[in-house]
There are 2 protein chains.
Amino acid sequence: MFNPEFDDIKTLRTAADRVFESLQDAIVRGEIPPGSRVGETELAVRFGTSRGPLREALRRLESRHLVERTPHVGIRIASLGYAALIEIYYVREALEGMAARLAALHMTDTEVAGLKALLAAHEQDEALKADTAYFQQEGDLDFHYRIIQGSHNAALAEMLIGELYHRIRMYRYQVSAYANRPQKAFAEHQRIVEAIEARDGDLAEMLMRRHLSSARQNIEKHQKEHA
Amino acid sequence: MFNPEFDDIKTLRTAADRVFESLQDAIVRGEIPPGSRVGETELAVRFGTSRGPLREALRRLESRHLVERTPHVGIRIASLGYAALIEIYYVREALEGMAARLAALHMTDTEVAGLKALLAAHEQDEALKADTAYFQQEGDLDFHYRIIQGSHNAALAEMLIGELYHRIRMYRYQVSAYANRPQKAFAEHQRIVEAIEARDGDLAEMLMRRHLSSARQNIEKHQKEHA
DNA sequence: TTTGACCGAGTTGTCGACAATCTTTGCGCT
DNA sequence: AGCGCAAAGATTGTCGACAACTCGGTCAAA
């Protein structure tokens, strides 16, 4: 982030950590085809290290469900199917609903102000970009990130950001971005922020759960039409 | 293929997997003091393997927050503090609430029957054992396990059983079992099962959330009294 | 006395080589 | 021709050794 050149050498201390981040990024972005088999030696030379650190990185990626490993056979890049994505959305609904509730209770005033500013910026950009799906996805991510952080619950944040979001993003790269609904989502975001600003935990949780439930149903609808 | 003795070679395929399970068990049970520093060589000889597989196991335990690692310094056994436990209970409330909802919708009739049978067995044992806390803990665990499995949501189950429960159990071994409330908890269990049997997802989720919220408040109360 | 650097012991990080296992290929048999 | 088995090849699992780093102690200088 801060060292434009040669940052990969110093930013991450050990080779295992470096490989972990690089490989995770490559998987999430779809640079390595999901479901494909990859050899350890192949990956080791690709990331310029030995098999030892690589295997440590693989064990961590296995914990995050980004690679699947069968002993003595090898590893394959995880492929998030439709059914698994729907499962994750139910988990997301539960966790982010709780996050919104806790955010309403625990967010500082400055955090709330920042959230409102973010929303205002989205309104500007959306007015410009109309229905550009991809941008809204990124903005959507920022919005949810802030609320999760605003819950001030590290365990909750770690589960959502550290585990689920990578898998969801992988799916988005995998299938070419299902139809989303920027303008409708934006309105829902606005009401969620209003509830947080009013410190109404019950309402914030309910609105967030509806928001994510709608997103899930939208995916389900999209799947039915294209199947 | 047939070696009756030395079966520990067969039970878990690789040494890394064996160490992972053994070490996780040792940590959760408190055999290794929480917060203590342990050397890699020391652990390697303890589990009869080399440092390679051990380090792979450590990386997985790190993902599960059972050990903390700082590069070039070493690893220390995780110690779940009071604040972290409360955080986890909020996550649990969200996830198991959703699990109860999904269980009400997706559990098969035989699964529901099994759940009712389990509850009946608890009633018998509880009548005998009165207020024995530890037993209720185990029975409590079984009860929650079944509902989580009954949700038929693998992602949800993995998060709860694969991650959170280990940490909670570690806390139970750490502080000598906070006061629980077997008879009250049992009544709450019963009502949850009734809601599931009636296929009332809304009610099941609400009751489960109240159940876990009460448990959390009980811990908080216990903490205030003993601090 | 205190501060600072230096040095050595011990631990972690990394690597290459060897052993164990799976997969594939090719041969022989029915 | 098809099937089964066996050997070869390739890949993963494991180990021991060396390099890099951290931490504690020691000594010298202000």
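Every chain is numbered from 1, with letters handed out A, B, ... down the list of sequences.
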- Task: Could you state the atom-to-atom distance from CZ of B/R18 to C1' of D/dG13 in whole Å?
- Result: 11 Å
So which protein N/O to nucleotides 8-12 of chain D N/O distances come out below 3.5 Å?
unit_1, atom_1, unit_2, atom_2, d
D/dT12, OP1, A/E40, N, 3.4
D/dT12, OP2, A/E40, N, 3.2
D/dT12, O3', A/H72, N, 3.4

- Message: For D/dC15 and B/T49 - does any side-chain N or O of the residue sit under 4.0 Å from the phosphate oxygens OP1/OP2?
- Response: yes
- Can you name the closest pair of heavy atoms from A/M98 and A/E205 and give their distance? N-OE2, 4.0 Å
- salt bridge (Lys or Arg N to Asp or Glu O under 4.0 Å) with B/E62: which of B/R60, B/R59, B/R64? B/R59
- Looking only at side chains, do B/H65 and B/H166 share a donor and an acceptor under 3.5 Å apart? no
- Message: So, taking the atom named CD in A/E96 and the one named OH in A/Y89, what distance separates them when rounded to the nearest 0.5 Å?
- Response: 9.0 Å
- Message: Rounding to an integer number of Å, can you tell me how far A/F47 CZ sits from C/dC15 P?
- Response: 14 Å
- Query: Once you round it to whole Å, what is the distance between P of C/dG10 and CD of B/E42?
  - Reply: 15 Å
- Grab the CG-P distance between B/L43 and C/dT11 for me, whole Å please. 12 Å
- Note on the structure: Here the side chain to side chain donor-acceptor pair (under 3.5 Å) pairs for residues 43-55 of chain B, sequence neighbours left out, are A/E56-B/R55, B/E40-B/R51, B/E40-B/R55
- Message: Without decimals, in angstroms, what is the distance between B/R13 CZ and D/dT14 C1'?
- Response: 17 Å
- Query: For the pair made of CD in A/E56 and P in C/dT14, what is the distance, rounded to whole Å?
  - Reply: 7 Å
- Message: Does A/R216 qualify as a cation-pi partner of A/Y90, given the criterion of NZ or CZ under 6.0 Å from the six-membered ring centre and within 45 degrees of its axis?
- Response: yes
